[in-house]
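Worksheet: one structure, shown below.
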Protein chains: 2
Amino acid sequence: MDLAASVGSRLKELREARGVSLSALARRSGVGKATLSELESGRRNPTLETLYALTTALDVPLSSVLYDPAHPATISGDAVDAVLLERFEADTSVTETYRIRIRSGATQESAAHAPGTTEHIVVLAGTAHVGDVNDPALIGPGAHGSWAADTPHVYRAPAGDVEALLVVRCPK
Amino acid sequence: MDLAASVGSRLKELREARGVSLSALARRSGVGKATLSELESGRRNPTLETLYALTTALDVPLSSVLYDPAHPATISGDAVDAVLLERFEADTSVTETYRIRIRSGATQESAAHAPGTTEHIVVLAGTAHVGDVNDPALIGPGAHGSWAADTPHVYRAPAGDVEALLVVRCPK
DNA sequence: GACAGGCGTTCCGTATACGGAACGTTCCGT
DNA sequence: ACGGAACGTTCCGTATACGGAACGCCTGTC
């Protein structure tokens, strides 16, 4: 996937999640409507200045629109849709926060990640069956679970779609 | 400090730390020498494509050249800056996810929220002292905590800034 | 139905980020 | 001392990212 296109769609996600129109964001950020329109559709290669104006208007750190193809943390699969909300890089670890949906009745297994990787989930709606492949936990709305992700683990929605936040933390 | 200038000097730092010459990096990354020279001195406003070519040639994630100068605080109190990442409305509850920073040495007390409100925290960096005002928990990097937020609770960063995700769930 | 206001897209002139080709400088090997 | 190579900077023509001004499309109001 093209870099500009992925940044564009990420910007669009953030804008729409806040219920802001393209015109309104352009006005607030001082960026031209033409620029923003073509940027969101991936037809432009934005400058740093433009990106900064937009991310500050959206109140997110600049880094949160930068998908990094070097670390393809694509969790999305048959059963899980994931949208990256934020990425935080510390001295010794990288933490990514995703908004995920597990489709009703579906199960997704994930292979072991890098050693030392851990995951957290906070379930927003529905009941999920997640965690170690041999001992997944049942987690209901408002509850939290965590597990080591350096062994195979599973995401399952036994009854009804599950909406959740997933936090993946892996050492560098 | 100007954004382009700070990114430029950060690039220069990374390049020199590797003992790579400006010409060599330009050659390896496919970026013009003129571009790189003026970029490092802060006289240019680079495009996303240029930045990406340079950071991959340096083998660092794109985000590592982006200082985040004074991230704007929206819901901030004395000790806590918070940025809303996402808001999810279910049948019986509303859940909001914030990216927060607790300033080093500072303490913030929060009054009781609506009955039934709960909060979760996942600490990204630093160590936080958070939870019920009478019994706060000590939470380190990568760890999770949760507490009932319908009683007074506290956020504290005893040593060094704390970066964290805060999830607030309140019934309708 | 006519109109006004907001939306996202497209067109267009201008500003500027881009790479290539010069340049002067420094550091070598002979 | 001299040549050659590599360095970082500056100049320049071209490509393109930019904002402003149109445009067509909806939705609401009188």
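Below, read A as the first sequence line, B as the second, and so on, with proteins coming before strands; counting in each chain starts at 1. All values reported here derive from a predicted model rather than from experimental measurement. Note: hydrogens, waters and symmetry copies are ignored here, and every other heavy atom, side chains too, is used.
Counting to the nearest Å, the P atom of C:dT9 and the CZ atom of A:Arg44 are 12 Å from each other. The distance from atom CG of B:Leu22 to atom P of D:dT9 is 6 Å, rounded to the nearest whole Å. One atom, CG of B:Leu25, and another, C1' of D:dC7, lie 14 Å apart when rounded to the nearest Å. If you take CD of B:Glu49 and C1' of D:dA17, they are 12 Å apart, rounded to a whole angstrom. Atom CG of B:Asn45 is separated from atom P of D:dT16 by 17 Å (rounded to the nearest Å). Rounded to whole Å, the distance from CG on A:Leu48 to P on D:dA17 is 15 Å.
In this model, a donor atom of one side chain and an acceptor atom of the other lie less than 3.5 Å apart for B:Glu119 and B:Tyr155.
Ring pair B:His113/B:His153: centre-to-centre distance below 6.0 Å.
Just one residue in the list B:Lys33, B:Lys12, B:Arg44 forms a salt bridge (charged side-chain N to carboxylate O under 4.0 Å, His left out) with B:Glu38, and that residue is B:Arg44.
Distances from the side chain of B:Arg43 to the nucleotides D:dT10, C:dC7, C:dA17 place D:dT10 closest.
Environment of CZ in A:Arg101: sparse, with no more than 12 heavy atoms of neighbouring residues, nucleotides or ligands closer than 6.0 Å.
Within the 4.0 Å cut-off from OP1 or OP2 of C:dC18, at least one side-chain nitrogen or oxygen of B:Thr50 is found. Contact annotation: A:Arg27 does not reach the phosphate of C:dG8 (side-chain N/O to OP1 or OP2, under 4.0 Å). Side-chain N/O atoms of A:Arg15 include none lying less than 4.0 angstrom from OP1 or OP2 on C:dC7. Regarding contacts with the backbone of C:dC7, a side-chain N or O of A:Ser21 is found under 4.0 angstrom from either OP1 or OP2.
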Can you give me every donor-acceptor pair (side chain of residues 123-133 of chain A, partner residue at least two apart or in another chain, under 3.5 Å) with its distance?
unit_1   : atom_1 : unit_2   : atom_2 : d
A:His129 : ND1    : A:Arg156 : NH2    : 2.7
A:Asp132 : OD1    : A:Asn134 : N      : 2.8
A:Asp132 : OD2    : A:Thr151 : OG1    : 3.4

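A salt bridge does not link A:Arg169 to A:Glu96: none of the charged nitrogens lies less than 4.0 Å from a carboxylate oxygen.
Scanning all heavy atoms of the two residues, the minimum distance from B:Ala53 to B:Ser29 falls at O-CB, 3.6 Å.
Applying a 4.0 Å cut-off to non-hydrogen atoms, the residues of residues 28-41 of chain B that approach DNA chain D are B:Lys33, B:Ala34, B:Ser37, listed by residue number.
A 3.5 Å limit on both hydrogen-bonding distances identifies C:dA17 as the Watson-Crick or G-U partner of D:dT14.
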